[in-house]
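Counting convention: from 1, in listed order, for ligands and their atoms alike. Small disclaimer: the values here were computed from a predicted structure and weren't measured. For the numbers below, each heavy atom of this structure counts, side chains included, while hydrogens, waters and symmetry mates do not.
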Amino acid sequence: MTLESSFYDATAPLYVAAMGTELVAPLLYDLARLTRPQRLLEVGMGYTTPFLARALHDARIDAYAEAKALATKGIPTPASRAKLNDKWLERHPTFASPAFHAAPYEPQLVVLDDFSVERSSATSVLPILKSLELDDLVVPVHSSLQDIHTSLDPKLTPFDFVWVDAWACLYFFENCWDLVSDPGGIALFHYLIGYEEGDAIIDYMKATQQMHPDELEILSLIEPHKLRQNSLTLVRRIASRGNSKTSRSTGDAAS
Ligand SMILES: C[S@@+](CC[C@H](N)C(=O)[O-])C[C@H]1O[C@@H](n2cnc3c(N)ncnc32)[C@H](O)[C@@H]1O
């Protein structure tokens with residue numbers, strides 16, 4: 001399943017050149033489909049929103065088909081572990097994990113925006129999601145990120161995948177880490193490289209990672225052909241602050 005040209009046509013009205021997400025949006029689609037999150041949070045709605053929703057929609061189709069095929073293939077019981085050999089693993093659905101399919105895959109995309117940026121296409125997103133029949137996957141939250149702990153139903157958390165495309169990346173990293181799944185949740189931040197404030201945030205993230213190397217992984221991807229809006233920084237949570245080996249050995253308190 002790939003994105004059809006009709007999907008690009010339907011989402012084109014949401015594209016705002018200054019936001020620079022023309023290549024990021026399809027990349028987010030692939031990353032979300034690959035990592036198959038149960039709960040996904042987007043901070044800063046617009047062109048990227050339907051790509052994230054569509055990723056969950058397609059992942060849900062993948063998951064249902066896989067679960068059905070896995071049931072036919074049969075799952076070795078603990079008593080018959082010998083069956084869990086390469087032959088069984090490679091049979092369709094190849095390498096499918098029984099543990100992943102123990103519960104139905106019912107993903108949700110929480111989209112949060114305070115509609116503070118006039119030229120953003122955030123206010124046009126919901127009708128387009130509806131026209132694409134993707135709105136059943138989406139929970140819109142009209143709020144500032146700074147109020148997320150009060151405006152968000154805790155039942156919608158934690159998030160396995162977070163996409164922050166707003167001037168609040170540092171706020172999220174410092175104050176919302178508890179909303180990222182522990183362990184394994186990933187948070188992606190748009191455009192933090194190549195200008196003073198962004199570089200300072202990256203330095204701060206790296207310093208945090210260096211102090212707690214078994215808690216976070218950080219990787220930035222650059223679009224070298226662009227002058228602005230040209231990077232994506234991915235932070236993966238490996239362990240909770242305070243529970244990692246580093247924190248325990250240094251006696252750090254959880255933050
Ligand atoms: C860069 S635009 C998002 C672009 C969008 N992802 C796209 O691909 O077109 C930033 C959005 O974040 C919203 N925003 C800015 N600061 C915010 C905050 N502190 N809390 C919530 N939303 C915020 C703005 O209203 C705007 O819609």
Side-chain angles (χ1 to χ4, degrees), residues 3 7-33 37 39-56 109-132 134-135 137-153 156-157 159 161-180 186-195 197-198 201 220-223 226-235:
L3 297 173
F7 179 83
Y8 284 92
D9 292 344
T11 53
L14 296 176
Y15 178 64
V16 177
M19 305 304 175
T21 49
E22 66 284 354
L23 296 176
V24 169
L27 176 63
L28 289 174
Y29 166 82
D30 281 324
L31 287 176
R33 186 131 176 238
R39 283 174 291 266
L40 199 160
L41 170 69
E42 175 180 67
V43 182
M45 294 161 66
Y47 186 58
T48 45
T49 315
F51 286 79
L52 291 169
R54 175 67 189 268
L56 296 189
L109 168 62
V110 175
V111 292
L112 183 127
D113 205 295
D114 62 1
F115 303 121
S116 58
V117 174
E118 225 171 88
R119 64 177 165 166
S120 147
S121 57
T123 52
S124 310
V125 166
L126 295 182
I128 288 187
L129 288 176
K130 204 168 170 50
S131 72
L132 290 167
L134 295 171
D135 52 321
L137 287 150
V138 178
V139 180
V141 180
H142 181 184
S143 164
S144 154
L145 178 66
Q146 287 76 356
D147 296 327
I148 192 169
H149 285 99
T150 48
S151 55
L152 197 66
D153 181 344
L156 297 168
T157 69
F159 296 104
F161 190 116
V162 178
W163 161 238
V164 185
D165 191 8
W167 285 114
C169 294
L170 179 59
Y171 184 88
F172 186 90
F173 187 72
E174 280 211 301
N175 301 288
C176 306
W177 210 241
D178 59 309
L179 301 176
V180 179
I186 59 173
L188 292 107
F189 301 91
H190 196 206
Y191 188 34
L192 288 178
I193 291 190
Y195 62 103
E197 299 90 331
I201 296 173
S220 291
L221 304 174
I222 313 286
E223 295 177 82
K226 287 167 68 174
L227 292 171
R228 283 189 185 178
Q229 303 285 13
N230 56 357
S231 70
L232 193 67
T233 298
L234 192 158
V235 183

Query - Closest approach of any protein heavy atom to atom 1 (C) of ligand 1, naming residue and atom - result: Met19 SD, 3.3 Å
Report task. Show which atoms of ligand 1 fall inside a sub-4.0 Å distance from at least one heavy-atom site of Gly46. Result -> 5 (C), 7 (C), 9 (O)
**Report entry** Main-chain N/O of Met45 paired to Asp113 side chain as donor or acceptor, under 3.5 Å
**Finding:** yes
Report task. Could you tell me whether some N/O pair between Val117 and ligand 1 is separated by less than 3.5 angstrom? Result -> yes
Query - Over 12 foreign heavy atoms within 6.0 Å of NZ, Lys226 - result: yes
Query raised in the report: Side chain, backbone, both or neither: which part of Ser120 comes within less than 4.0 Å of ligand 1 when only heavy atoms are counted?
Result: side chain
Report task. Would you mind telling me if ligand 1 is within reach of the side chain of Tyr47, the backbone, both or neither, using heavy atoms under 4.0 Å? Result -> both
**Report entry** Whether Gln229 side chain and Tyr191 backbone form a donor-acceptor pair below 3.5 Å
**Finding:** no
Query - Short N or O distance, Gly44 and ligand 1, threshold 3.5 Å exclusive - result: yes
Report summary line: Within the 4.0 Å heavy-atom cut-off, what Ser143 brings close to ligand 1 is backbone
Query raised in the report: With a 4.5 Å heavy-atom cut-off, do Phe189 and Trp163 have their side chains touching?
Result: no
Query raised in the report: Are Gln146 and Tyr171 close enough that a side-chain donor and a side-chain acceptor fall under 3.5 Å?
Result: no
Query raised in the report: Between Tyr47 and Tyr8, does the ring centre distance come in under 6.0 Å?
Result: no
Requested in this report: Would you mind running through ligand 1 and noting each atom that sits below 4.0 Å from a heavy atom of Phe115?
Outcome: 25 (O)
**Report entry** Ser231 side chain vs Leu192 backbone, donor-acceptor pair below 3.5 Å
**Finding:** yes
Query - Among Asp114, Leu28, Thr11, closest by any non-hydrogen atom to atom 14 (N) of ligand 1 - result: Asp114
Query raised in the report: Is there at least one pair of N or O atoms, one from Ser121 and one from ligand 1, spaced under 3.5 Å apart?
Result: no
Query raised in the report: Counting from 1, what ligand 1 atoms have a heavy atom of Thr48 closer than 4.0 Å?
Result: 5 (C), 6 (N), 7 (C), 8 (O)
Query raised in the report: Rounded to the nearest 0.5 Å, how far apart are CZ of Arg54 and CG of Leu109?
Result: 14.5 Å
Query - Nearest-contact summary for atom 15 (C) of ligand 1 - protein heavy atom, Å - result: Ser116 OG, 3.5 Å
Query raised in the report: At a 4.0 Å threshold, what atoms of ligand 1 neighbour a non-hydrogen atom of Ala122?
Result: 27 (O)
Query raised in the report: How long is the gap from CZ on Phe7 to OH on Tyr29, to the nearest 0.5 Å?
Result: 8.5 Å
Requested in this report: For ligand 1, find out whether one of its N or O atoms is nearer than 3.5 Å to an N or O atom of Leu145.
Outcome: yes
Query - For ligand 1, the portion of Gln146 having any non-hydrogen atom under 4.0 Å away - result: side chain
Query raised in the report: Counting only heavy atoms, which portion of Thr21 has something under 4.0 Å from ligand 1: side chain, backbone, both, or neither?
Result: side chain
Query raised in the report: If you look at every heavy atom in Asp165 and His190, which pair is closest and at what distance?
Result: OD1-ND1, 3.0 Å
Query - Polar proximity ligand 1 side, Asp165 side, N/O cut 3.5 Å exclusive - result: yes
